[in-house]
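What follows is one structure encoded as structure tokens, with my remarks underneath.
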Amino acid sequence: MNQTLALNLFEYVNGELFWKNPSNPKRTAKGDKAGTVSKRGYVHVQVYGKIYKAHQLVFLMMHGYIPKLIDHINGVLTDNRIENLREASVSENQQNAKTRADNSSGVKNVSWHRRLCKWTVQLSFKGKVKHFGNFADLELAALVAEEARNKYYGQFARHG
């Protein structure tokens, strides 16, 4: 897939793709919205038998290439507005991940230390675990974790 082909096949409107020239006219018509949401939450579009993620096609149409990894800034995988997409490394993409469902504290980078009976703040950065202290108060631990994310993760810091 190249930019010229993508621009010929699709019209981009506020984060969504619409067929200008359907690759399979028997299944889709001009003007139809392109793609379906996959089990993992991404919009997938089939072009000549090959499946592409819609955010890759949008990025290609706007920038002329598909990077190795594209980050959804707001974390919403179906929000493919170009202003919500940015090229990222694997670690930057992880830094922007949402709080895991199995997080017991409810705060990213904060966990309960059983032996000390305190909240521990730590995060991974450039392959190393950085420790920021143990706190009796969850709110204080949450503030320390937020400051640490801002310092180390910068524009990729996600707090929720």
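- Contact of the V43 side chain with the T36 side chain is not registered, since no non-hydrogen atoms from C-beta on lie closer than 4.5 Å.
- With sequence neighbours left out, R100 forms a salt bridge (Lys or Arg N to Asp or Glu O under 4.0 Å) with D102.
- Here OH of Y12 is found 13.5 Å from CG of L60. Values are rounded to the nearest 0.5 Å.
- Here the closest heavy-atom approach between residue P22 and residue A29 is recorded as CG-C, 3.6 Å.
- At least one side-chain heavy atom of K98 sits under 4.5 Å from a side-chain heavy atom of R158.
- Side-chain heavy atoms closer than 4.5 Å link hydrophobic residues (I, L, V, M, F, W, Y) into clusters, and following such links, possibly through other members, connects L17 to M62.
- Applying the ring-ring contact (aromatic ring centres under 6.0 Å, His included) test to every pair with at least one member in residues 86-106, sequence neighbours left out, gives no pairs at all.
- Atom CG of N8 is separated from atom CG of N21 by 4.5 Å, given to the nearest 0.5 angstrom.
- Scanning for side chain to side chain donor-acceptor pair (under 3.5 Å) contacts around R86 gives D71, with sequence neighbours left out.
- Note that CD of Q95 and CD of Q155 are 10.0 Å apart. Values are rounded to the nearest 0.5 Å.
- By the rule that hydrophobic residues join a cluster once side-chain heavy atoms approach within less than 4.5 Å of another member, I70 and L77 end up as members of separate clusters.
- In this structure, S111 OG and N134 CG are separated by 8.5 Å, a value rounded to the nearest 0.5 Å.
- Grouped by direct or indirect side-chain proximity (heavy atoms under 4.5 Å, Ile/Leu/Val/Met/Phe/Trp/Tyr only), Y153 sits with V107, V110, W112, W119, V121, L123, F125, F132, F135, L138, L140, V144, Y152.
- Taking the ring centroids of Y42 and H55, they lie under the 6.0 Å cut-off.
- Note on M1: it clusters hydrophobically with W19, by side-chain heavy-atom contacts below 4.5 Å among ILVMFWY residues.
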Q. Could you go step by step and tell me if V47 and F10 meet the side chain to side chain contact (heavy atoms under 4.5 Å, CB included) rule?
A. CA-CA 11 Å; V47 180; F10 303 105; 3.7 Å; yes
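- The environment of E83 atom CD is dense: over 12 non-hydrogen atoms of other residues, nucleotides or ligands sit within 6.0 angstrom.
- Apart from F18 itself, the hydrophobic cluster it occupies contains V13, where clustering links Ile, Leu, Val, Met, Phe, Trp and Tyr at side-chain heavy-atom distances under 4.5 Å.
- For the pair N93 and V90, the minimum side-chain heavy-atom distance is 4.5 Å or more.
- Judged by distance alone, the side chain of Q3 and the main-chain N or O of M61 form a donor-acceptor pair under 3.5 Å.
- Every residue two or more places apart in sequence or in another chain that forms a side chain to side chain contact (heavy atoms under 4.5 Å, CB included) with H63 is listed here: F59, Y65, I82.
- The distance from atom CD of Q46 to atom OG of S23, rounded to the nearest 0.5 Å, is 7.0 Å.
- Looking at K53 and H44, their side chains come closer than 4.5 Å, going by heavy atoms from C-beta outward.
- D79 meets the side chain to side chain donor-acceptor pair (under 3.5 Å) test with N74, R81; sequence neighbours excluded.
- Linking ILVMFWY side-chain heavy atoms closer than 4.5 Å, directly or via other members, places Y48 and V45 in a single hydrophobic cluster.
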Q: Please assess L5 against N2 for the test side chain to side chain contact (heavy atoms under 4.5 Å, CB included), listing each intermediate value before the final yes or no.
A: CA-CA 5 Å; L5 178 58; N2 61 46; 3.4 Å; yes
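- Taking Ile, Leu, Val, Met, Phe, Trp and Tyr as hydrophobic and joining them when side-chain heavy atoms fall under 4.5 Å apart, one finds V129 isolated, its cluster having no other members.
- Think of I73 as one node in a network of Ile, Leu, Val, Met, Phe, Trp and Tyr side chains linked at under 4.5 Å; it has no links at all.
- Applying the side-chain hydrogen bond (donor to acceptor under 3.5 Å, both in side chains) test between H159 and each of N109, T99, N150 identifies N150 as the sole match.
- In this structure, the side chain to side chain donor-acceptor pair (under 3.5 Å) partners of S91, at least two apart in sequence or on a different chain, are S89.
- Pairs of residues two or more places apart, or lying in two chains, that qualify as salt bridge (Lys or Arg N to Asp or Glu O under 4.0 Å) and include a residue from residues 13-35 are E16-K33.
- Pairs passing the salt bridge (Lys or Arg N to Asp or Glu O under 4.0 Å) check and including a residue from residues 107-128, sequence neighbours excluded, do not occur.
- Note that CG of N14 and CG of N80 are 11.0 Å apart. Values are rounded to the nearest 0.5 Å.
- Tracing side-chain contacts under 4.5 Å through hydrophobic residues (I, L, V, M, F, W, Y), one never reaches I66 starting from I51; they form parts of separate clusters.
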